[in-house]
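In what follows, chains carry the letters A, B, and so on, assigned in the order in which the sequence lines appear, proteins first and then strands, with residues in each chain numbered from 1. Because the structure is a prediction, the values reported are computed rather than measured. All heavy atoms count here, side chains included; hydrogens, waters and symmetry mates do not.
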There are 2 protein chains.
Amino acid sequence: MPTRNTIKGARTREGILRAAADIASVDGLDGLSIGRLAAELGMSKSGLFAHFGSKESLQLATIEEARNRYVKEVIEPALSTPSGITRLYALCEAFLSYIEREVFPGGCFFASAMAEFDAKGPSPARDRIVECQEQWMITLERAAEGARTKGELRDDRDSQQLAFELEGALLSANWYFHLFHDTTNIERARHAVRTQLSREATPAGLSQIEI
Amino acid sequence: MPTRNTIKGARTREGILRAAADIASVDGLDGLSIGRLAAELGMSKSGLFAHFGSKESLQLATIEEARNRYVKEVIEPALSTPSGITRLYALCEAFLSYIEREVFPGGCFFASAMAEFDAKGPSPARDRIVECQEQWMITLERAAEGARTKGELRDDRDSQQLAFELEGALLSANWYFHLFHDTTNIERARHAVRTQLSREATPAGLSQIEI
DNA sequence: CCTACCGATCGGTAGG
DNA sequence: CCTACCGATCGGTAGG
């Protein structure tokens with residue numbers, strides 16, 4: 001039974017995690033310090049700490065908060081479109097829109113986290129980030145595979161290769177948009193996605209994209 | 001006049017910076033701590049500190065060390081090839097080889113640094129990283145432009161767009177190679193570079209690549 | 001290049 | 001959720 005106190009506690013926790021995910025997208029999950037996070041929220045360090053019990057557990061909870069935001073802002077809108085090349089295109093567009101709208105102030109949370117933990121030793125946080133990134137790549141690959149089954153993408157190409165190349169453009173848009181403070185890079189990625197998809201599309205697929 | 005002591009000092013400094021660049025490629029330039037670096041080299045923290053005077057100056061010197069390594073391992077080998085599509089291809093191949101050979105243990109130093117400082121506020125270190133990354137993109141663009149002038153790349157395409165798309169594949173190779181511990185991602189980038197170049201190449205350009 | 005420090009901040013704990 | 005702590009580590013300094 002949720003009492004008034006547990007409800008209030010859950011709300012506080014949500015607020016903490018929203019701020020934590022925002023900070024981590026800029027300064028990294030290791031750069032996220034409990035003291036600074038508490039100060040930003042106007043609460044005591046140990047009061048905040050009590051919600052999680054360890055920094056590692058705070059990091060893991062922050063990853064889940066970021067994942068929920070990513071699912072809501074990128075995956076769900078795209079998965080509401082019909083499967084096929086339309087959906088593959090929608091996934092790419094949803095990602096670029098999510099970068100443009102600055103859903104996280106530091107750019108894509110998972111791009112930042114991936115880069116940060118890329119070469120580091122194994123840890124629960126790293127494992128979870130690898131899982132999330134793998135799932136996103138699988139989402140792109142499945143969308144490509146769906147388009148191929150529907151005859152909208154040519155049969156002589158590889159879905160994993162296509163997903164890799166699309167993801168390259170999306171990630172570059174994320175990095176260069178923030179590094180150079182220049183939205184041109186998002187347009188370059190849009191252009192890359194469109195030419196890549198139209199090159200691999202069948203005539204049936206092409207008619208789906210160019211409405 | 002270099003005395004025995006200044007020579008020895010310079011050598012120590014070089015050793016410090018080599019270790020610093022290696023560590024920073026894994027843990028980031030902010031994750032690089034003076035104490036840990038000193039411990040790794042078996043010297044005192046303040047002895048090491050005396051070489052630089054501040055952490056910021058150590059970070060800037062580390063960036064220059066990394067840049068020298070990058071120029072030696074990626075740029076110079078590629079710029080020794082004849083200008084044109086051959087050189088553009090050589091730049092991409094040199095980058096992928098540099099990732100494969102693990103010139104930095106944490107993957108491309110500048111990819112890591114770019115990701116780390118991407119959304120952070122302005123600082124001398126960030127400025128220098130932006131400059132280096134911009135120079136690399138210009139190197140790719142110039143090579144593409146050179147190939148176009150020589151009639152090896154089609155005239156109806158954009159060199160900046162091509163550089164952006166090639167760089168997307170190269171960066172993805174860097175991230176996914178380390179994140180998933182899987183060399184397949186380097187092969188995917190190789191494949192992407194080759195198909196991209198052959199698609200934009202003229203017949204004259206094509207004969208240069210497929211020797 | 002060293003020893004011996006400094007104040008600030010880190011993650012985490014005791015006790016309420 | 002708080003105050004009041006803990007040992008460890010941070011960047012940096014004094015003095016040699």
Side-chain angles (χ1 to χ4, degrees), chain A residues 2-21 23-24 26-63 113 116-117 120-121 123-126 128, chain B residues 2-21 23-24 26-63 113 116-117 120-121 123-126 128:
Chain A
T3 67
R4 234 161 297 147
N5 279 341
T6 62
I7 288 171
K8 197 188 166 201
R11 242 176 247 171
T12 304
R13 201 185 131 102
E14 279 167 33
I16 293 169
L17 291 176
R18 263 195 296 273
I23 292 173
V26 176
D27 293 317
L29 272 165
D30 275 335
L32 174 72
S33 98
I34 296 168
R36 194 191 139 196
L37 183 55
E40 198 136 322
L41 291 160
M43 65 190 289
S44 75
K45 205 179 74 169
S46 66
L48 190 153
F49 187 84
H51 280 277
F52 305 97
S54 73
K55 178 162 183 184
E56 184 177 285
S57 140
L58 166 65
Q59 288 179 329
L60 290 170
T62 302
I63 295 171
E116 184 181 4
F117 286 88
K120 284 189 181 169
S123 69
R126 188 187 192 280
R128 187 65 181 125
Chain B
T3 68
R4 234 162 296 148
N5 279 340
T6 62
I7 289 172
K8 197 188 165 201
R11 242 176 246 168
T12 305
R13 201 185 132 102
E14 280 167 32
I16 293 169
L17 291 176
R18 263 195 296 273
I23 292 174
V26 176
D27 293 318
L29 273 165
D30 275 335
L32 174 71
S33 99
I34 296 169
R36 194 192 138 195
L37 183 55
E40 198 136 322
L41 291 161
M43 64 190 291
S44 75
K45 206 179 73 170
S46 67
L48 190 152
F49 187 85
H51 280 275
F52 305 97
S54 72
K55 179 160 183 184
E56 184 175 286
S57 141
L58 166 65
Q59 287 180 329
L60 290 170
T62 302
I63 295 171
E116 183 181 4
F117 286 88
K120 284 189 181 169
S123 70
R126 188 187 192 279
R128 188 65 181 123

Is there any salt bridge (charged side-chain N to carboxylate O under 4.0 Å, His left out) pair reaching into residues 31-46 of chain B, and which pairs are they, with sequence neighbours excluded?
B:Asp27-B:Arg36
Do A:Thr62 and A:Ile16 come within less than 4.5 Å of each other through their side chains, counting heavy atoms only?
no
side-chain contact (heavy atoms from CB on, under 4.5 Å) partners for A:Ser123, two or more places apart
A:Phe117, A:Ala125, A:Arg126
Hits for side-chain hydrogen bond (donor to acceptor under 3.5 Å, both in side chains) against B:Arg128, two or more places apart or cross-chain, chain-then-number order -> B:Glu64, B:Glu131
Enumerate, atom names and distances included, each donor-acceptor pair closer than 3.5 Å involving a side-chain atom of residues 48-56 of chain A, sequence neighbours excluded.
unit_1	atom_1	unit_2	atom_2	d
A:Ser54	OG	A:Ser57	N	3.1
A:Lys55	NZ	A:Asp30	O	3.0
A:Lys55	NZ	A:Leu32	O	2.8

So, the side chain of B:Glu116 versus the backbone of B:Gly28: is there a donor-acceptor pair under 3.5 Å, distance only?
no
Can you give one letter per nucleotide of nucleotides 3-16 of chain C, 5' to 3': B if a protein heavy atom sits under 4.0 Å from the base, S if only from the sugar-phosphate, - if neither?
BB-----SBBB---
Quick one: closest heavy-atom pair of A:Ala24 and A:Leu29, and the distance?
CB-CD2, 4.0 Å
As a test of your reading of the structure, name each stem of DNA chain C as range with range, where a stem is three or more consecutive Watson-Crick or G-U pairs at under 3.5 Å.
C:1-16 with D:1-16
